[in-house]
Amino acid sequence: MRTTLTLDPDVAERLRQETASGRRSFKEVVNERLRVGLGLVVEEPHTPYRVKPHASPFQPGVDSGKLNQLVDELEAGSALGRMKRASRK
């Protein structure tokens, strides 16, 4: 069935965002959302993500992936200090 529908700007924007990936057409997204809203289809709940903790020698809040960055920053600071001392001589 064809019909003309006037959408509020926020609704239209949200529908455009869902179609931005290009995987589904505007028509498909609108029909899916109407079915869910009318109770014709029940969306399946998402399984919550569970974090599996593990033992670590680092304290909470220490990002072991950033340790190399820290070393680089310390080396750069040390090199800068050596350059300043050399230029004073």
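Keep in mind that this is a model prediction, so the values were computed, not measured. Residue numbers run from 1 in the order of the sequence given.
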Inset, instruction - Can you sort out the partners of S56 under side-chain hydrogen bond (donor to acceptor under 3.5 Å, both in side chains), two or more places apart, ordered by chain and number? - result: none
Legend entry - For R50, side-chain hydrogen bond (donor to acceptor under 3.5 Å, both in side chains) partners two or more places apart: none
According to a 4.5 Å side-chain heavy-atom criterion applied to Ile, Leu, Val, Met, Phe, Trp and Tyr, with indirect links allowed, do [X] and [Y] form part of one hydrophobic cluster?
{"X": "V36", "Y": "V11", "result": "no"}
{"X": "F58", "Y": "L70", "result": "no"}
{"X": "L74", "Y": "L67", "result": "no"}

Legend entry - Salt bridge E32-R35, side-chain N to carboxylate O under 4.0 Å: no
Legend entry - K66 NZ to E73 CD distance, which is reported to the nearest 0.5 Å: 9.0 Å
Inset, instruction - Step by step, work out the side-chain contact (heavy atoms from CB on, under 4.5 Å) result for E18 and R33. - result: CA-CA 11 Å; E18 287 198 36; R33 291 295 161 199; 3.5 Å; yes
Inset, instruction - Can you establish whether the number of heavy atoms outside N68 located under 6.0 Å from its atom CG is more than 12? - result: no
Which heavy atom of [X] sits nearest a heavy atom of [Y], and at what distance?
{"X": "S87", "Y": "K84", "answer": "OG-O, 2.8 Å"}
{"X": "F26", "Y": "L15", "answer": "CE1-CB, 3.5 Å"}
{"X": "E28", "Y": "R24", "answer": "OE1-CA, 3.2 Å"}

